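Throughout, residue positions are numbered sequentially from 1 according to the sequence presented. When reading the values below, keep in mind they use all heavy atoms of this one structure, side chains included, and skip hydrogens, waters and symmetry mates. The shown structure was predicted, so the numbers you read here are calculated from the model rather than taken from an experiment.
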Amino acid sequence: MDKIEATIGLLVTLRCPITCRHCMFECGPHRTEVIDWGLAHRVIEDSARYRLYERVVATGGEPFLYPGELAALARSARENGVGFRVVTSAFWATSKKVAKERLKALGRETQVAVSADAYHQEYVPQ
């Protein structure tokens, strides 16, 4: 039997450049809430120290609205031996060059999940 990976999701922001009709958190450009980044780092550090979670997932809203903070979380996860995943609409991937730069900043170990359903594609073309 495969091991079940304990994961915690961090809703890092309710701000989002798009306003999907299905969004259960009612995220959008009008929202301003952002996580306390120190708290997010403590979740990663405590997950490693107490073996609470094998992976931390940054979601929102749109985490890539804060690329510097997101890269710092990915680095913290890597340094603490905790997996890291980001859920995004990929609105920021306006070219291959930009996409490569943003992803490189997160590190090779970071997983990226792109929300590419019909709701997101109203705003972000595939």
For a quick test of reading the model, state the closest non-hydrogen atom pair linking V87 to S115 and the distance between them.
CG1-OG, 3.7 Å
Does any N or O in the side chain of R49 come within less than 3.5 Å of the main-chain N or O of I44, such that one atom is a donor and the other an acceptor?
no
Using modelled atom types only, decide if a donor and an acceptor are shared between the side chain of R31 and the backbone of F25 within a distance under 3.5 Å.
yes
Validation row: V34, V12 side chains within 4.5 angstrom (heavy atoms)
no
Please report the interatomic distance CD(E109) to CD(Q111), rounded to the nearest 0.5 Å.
10.5 Å
Taking atom CZ of F84 and atom OG of S76, what is their separation to the nearest 0.5 Å?
9.0 Å
Can you get from F64 to L14 by hopping between Ile, Leu, Val, Met, Phe, Trp and Tyr side chains that sit under 4.5 Å apart?
no
Using the side-chain contact (heavy atoms from CB on, under 4.5 Å) rule, take I35 and L11 through it: C-alpha gap first, then chi angles, then the decisive distance, then the call.
CA-CA 7 Å; I35 196 168; L11 185 63; over 6 Å; no
Spatial distance of atom CD1 (I18) from atom OG (S89) [nearest 0.5 Å]
4.5 Å
With rounding to the nearest 0.5 Å, note down the distance linking CZ in R42 to CD in E45.
8.5 Å
Establish whether V114 and L106 are linked, either directly or via other cluster members, by ILVMFWY side-chain heavy-atom contacts under 4.5 Å.
yes
Which pair of non-hydrogen atoms, one from A72 and one from H41, has the smallest distance, and what is that distance?
O-CE1, 3.5 Å
Start with the C-alpha gap between V82 and Y53, add the side-chain angles, then the distance that decides, and say whether side-chain contact (heavy atoms from CB on, under 4.5 Å) holds.
CA-CA 8 Å; V82 176; Y53 305 101; 5.7 Å; no
Considering all heavy atoms, the nearest A40-L10 contact
CB-CD1, 3.9 Å
Run the side-chain contact (heavy atoms from CB on, under 4.5 Å) test on V86 and L70 for me, step by step, so that the C-alpha distance in whole Å, both residues' side-chain angles and the decisive distance to 0.1 Å come before the verdict.
CA-CA 9 Å; V86 182; L70 195 59; 4.0 Å; yes
Kindly give the heavy-atom pair with the smallest separation between A93 and A99, and that separation in Å.
CB-CB, 3.9 Å
Will you find, in the side chains of T13 and E62, an N or O donor that is under 3.5 Å from an N or O acceptor?
no
Verify same cluster id: V56, L52 (apolar side-chain graph, 4.5 Å)
yes
How many angstroms lie between atom CZ of R15 and atom CG of L65, to the nearest 0.5 angstrom?
4.5 Å
Could you state the interatomic distance from SG (C27) to CD (E33), rounded to the nearest 0.5 Å?
8.5 Å
Carefully, step by step, assess L103 and V112 under the rule side-chain contact (heavy atoms from CB on, under 4.5 Å).
CA-CA 8 Å; L103 295 175; V112 178; 3.7 Å; yes
